[in-house]
Amino acid sequence: AGRVTTEGVSDEVFRTFVSINRGLLREQDPARLLERLLEYAVSLSGGRRGFVLLLKDGVVAFQSRSGELDADSEEVSRTIVLDAIRQGRPLVTANARADRRLQARNSIDQLDLRSVVCVPFKTESGSEGAVYVDNPLREGAFTPRAEPATGASMSACQARLVPSRV
């Protein structure tokens, strides 16, 4: 059987992981749990803002928000979100404006996007969505943990949060 080891994982990363998991296991309120997961995804990835987005009747709808939010907080690239959902795989870019995959996309230019990670998910009920974390101010802002940190939020969404709210 598979054995869990901490080989190659720094003590700091391991302690952070354990601390996060303890906090999440104690949280009973699904809405608050989703907020905390998003907070962790933003802070661990190096992002500034994070969102859980659902695709409802072809329209991207905001489910939860975290991070440095302002009046323009709901301005995300729906193109990136829809691409990640349609392709069924994460989309990570260090500089969205210079990324060949995203060229000629109006929202990328209008929002002047830089670092973005978008991890799609599908719930047991068939709902689709994505965890979207960005840092619109800095190129290459994400640490190597960006996709896994965001993926952790996605897994929790699939497991118990989003299906109960759809």
| query | How many angstroms lie between CZ in R78 and CG in L111, if you round to the nearest 0.5 Å? | reply | 9.0 Å
| Which residues pass the side-chain hydrogen bond (donor to acceptor under 3.5 Å, both in side chains) test with T93, sequence neighbours left out? | D99
| query | Measuring from L82:CG to E128:CD, what's the distance to the nearest 0.5 Å? | reply | 10.0 Å
| Does a salt bridge link R48 with D134, judged by any charged N lying under 4.0 Å from a carboxylate O? | no
| said: Can you tell me how the ring of Y132 sits relative to the ring of F51, calling it parallel under 30°, perpendicular over 60° and tilted otherwise? | reply: tilted
| query | Do R49 and R65 come close enough that some side-chain heavy atom pair is under 4.5 Å? | reply | no
| Distance, nearest 0.5 Å, that separates OG of S77 from CD1 of I108 | 3.5 Å
| message | Side-chain heavy atoms nearer than 4.5 Å, only ILVMFWY residues, links allowed to pass through others: does that put L137 and L102 together? | response | no
| field | side-chain contact (heavy atoms from CB on, under 4.5 Å) partners for R138, two or more places apart | value | N135, A141
| message | Do V116 and V133 have side chains that approach each other closer than 4.5 Å (heavy atoms only, starting at C-beta)? | response | no
| Short question: side chain of S115, backbone of G140 - any donor-acceptor pair under 3.5 Å? | yes
| said: R101 and side-chain contact (heavy atoms from CB on, under 4.5 Å): which single residue from D83, L91, I80 fits? | reply: L91
| query | Tell me, do S66 and E39 make a side-chain contact under 4.5 Å, heavy atoms counted? | reply | yes
| message | Just verifying a value: how many Å separate I85 CD1 and L53 CG, rounded to the nearest 0.5 Å? | response | 7.5 Å
| request: Measure the spacing between CZ of R97 and CG of D112 and express it to the nearest 0.5 Å. | output: 4.5 Å
| query | Out of curiosity, C118 SG to Q87 CD, how far, rounded to the nearest 0.5 Å? | reply | 10.5 Å
| field | F121 side chain reached by V52 side chain, heavy atoms, under 4.5 Å | value | yes
